[in-house]
Asks: 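Below: one structure in structure tokens.
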There are 2 protein chains.
Amino acid sequence: MPKLGMEPIRKAALVKATIDEIGRAGSLDVTVSQIARRAGMSTALAHHYFGNKEQMFLAAMRHVLSLYGAEVRGALATADGPRARLNAIVRVSFAAGSFRREVVGAWLNFYVLAQTVPEARRLLRVYQRRLRSNLLAELRPMIGARAVPVAEGVGAMIDGVYIREALSDRPPDGVGAARMVIAYLDGQIDHRVLA
Amino acid sequence: MPKLGMEPIRKAALVKATIDEIGRAGSLDVTVSQIARRAGMSTALAHHYFGNKEQMFLAAMRHVLSLYGAEVRGALATADGPRARLNAIVRVSFAAGSFRREVVGAWLNFYVLAQTVPEARRLLRVYQRRLRSNLLAELRPMIGARAVPVAEGVGAMIDGVYIREALSDRPPDGVGAARMVIAYLDGQIDHRVLA
DNA sequence: AAGTTTATTGACTCGTCAATCAACAAAAAC
DNA sequence: GTTTTTGTTGATTGACGAGTCAATAAACTT
């Protein structure tokens, strides 16, 4: 049976199975056995390719982040002008795909992981820095020095709105979520410094 | 040795130990044995009083929420006027106590729990509704109908800023965090509806 | 054809853990 | 003073899980 060149295929299957299984369980409390079964192989093979469970989690996190990164690049490619590009960045964060059960599960659990696993924290930093620099590139021409705090604010608000929407009882409303962040942007861009 | 009236004492000790242990582990992956040892009793006694581990987690969540609720009430008691009261609500969310390792751990893990455990989700709703109604009480006199979306925005932003600050590499900056949310409030309260 | 690398798994080890139970002890109730 | 209630734990059960290992087999190398 052994076909050669299985490694990337198996690894990809395990990454997908890990994300799906985290989504199903709603926590990191999933066994290698469950992941391996979903990916259609033995636990021994899963260990063979990833060494241990933590590596599987980290690979899953990398994958979620890279999907998000690709979506952002795609959205930016078709947006013209600073304001349109800002809106595009915001909207991507609340695209339907971001609210799939397994993606939500992954994000929430990555926050938990980031408390204690250095590599998870590093990956979270990558996400935050990338978002920040994307926002700054558009904000600086618009509002100069105030771009920095506003970019931080937008980043925080995206996370906060995302969590609320993801844990809401109703089906997530991506459009409403984006509108809320954009209202923040309006308020800040249009802002006169108060006495 | 059996002293009477131990139940509330033991339960309180277990709740505290549960929160501390979640903070130490950074996850819900803590054993009843660890909790019981920290609380100075046997695992059998912990089970005797709480039945199972999930009940311990939920009791811990209730406790964290009730502490937060008490802080909000305290802050509101000494604030005068809508704007001062809004600021007080925001500041309380970023008080030093909220950034203690074990409190952060509790919050992040409660989000995770809320995905799958109905009672955890219910408790999260209690927190959100209470915050929302506190905000609305002050915002309505100030901005009328726009109070609702602004209150939602403030709630989301508090959560988002909190998570960023809690997972930051530097020691948490509660004052800066509050400033960021207050800037959002300024932008919204001061807002003229745009064309 | 012999040796090496890659793919694959069943079986196993060693550990852990939630929950239960039987038993003991002290106070309260009767 | 005996029964009931409350507090308490050591020991045990029954289950599961991460990671290892030896063994098998196909493909590639020389």
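Predicted model only: the values in this text are computed from it and were never measured. Lettering of chains follows the sequences in order, A, B, ..., and the numbering in each one begins at 1.
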Asks: Using side-chain contact (heavy atoms from CB on, under 4.5 Å) as the criterion, point out the one residue from A:Leu123, A:Val117, A:Val64 that pairs with A:Phe110.
Replies: A:Val64
Asks: When the ring planes of A:Trp107 and A:Tyr68 are compared, do they come out parallel, tilted or perpendicular, using 30° and 60° as the limits?
Replies: perpendicular
Asks: Just checking A:Ser42: base, sugar-phosphate only, or nothing, at a heavy-atom cut-off of under 4.0 Å?
Replies: base
Asks: Indicate, with a heavy-atom threshold strictly under 4.0 Å, whether A:Tyr49 touches base, sugar-phosphate, or nothing.
Replies: sugar-phosphate
Asks: Taking CD from A:Gln55 and P from D:dG19, how many angstroms apart are they, rounded to a whole number?
Replies: 10 Å
Asks: Quick one: is C:dT8 close enough that its OP1 or OP2 comes under 4.0 Å of any side-chain N or O from A:Arg10?
Replies: yes
Asks: Please report the distance, rounded to the nearest Å, between CD in B:Gln34 and C1' in C:dA18.
Replies: 13 Å
Asks: Figure out the NZ/C1' separation between B:Lys11 and D:dT6, and round it to whole Å.
Replies: 14 Å
Asks: Which sits closer to the 5' end of DNA chain C, A:Thr43 or A:His48, going by the nucleotide each is nearest to?
Replies: A:His48
Asks: Rounded to whole Å, how long is the line connecting atom CG of A:Leu45 with atom P of C:dA11?
Replies: 17 Å
Asks: Looking at A:Arg125, I want to see if its CZ is surrounded by more than 12 non-hydrogen atoms of other residues, nucleotides or ligands under 6.0 Å.
Replies: yes
Asks: What is the distance, to the nearest angstrom, from the NE2 atom on B:His47 to the C1' atom on D:dA11?
Replies: 15 Å
Asks: Separation of A:Met56 atom CE from D:dG19 atom P, in whole Å?
Replies: 7 Å
Asks: For the residue pair B:Asp159 and A:Tyr162, confirm or rule out a side-chain donor-acceptor distance under 3.5 Å.
Replies: no
Asks: Tell me: CG of A:Asn52 to P of D:dA18, nearest whole Å?
Replies: 11 Å
Asks: Between atom CD in A:Glu7 and atom P in D:dA26, what is the gap in whole Å?
Replies: 21 Å
Asks: Heavy atoms from C-beta onward define the side chain here; which of D:dA27, D:dT8, D:dT20 lies closest to that of B:Met6?
Replies: D:dT8
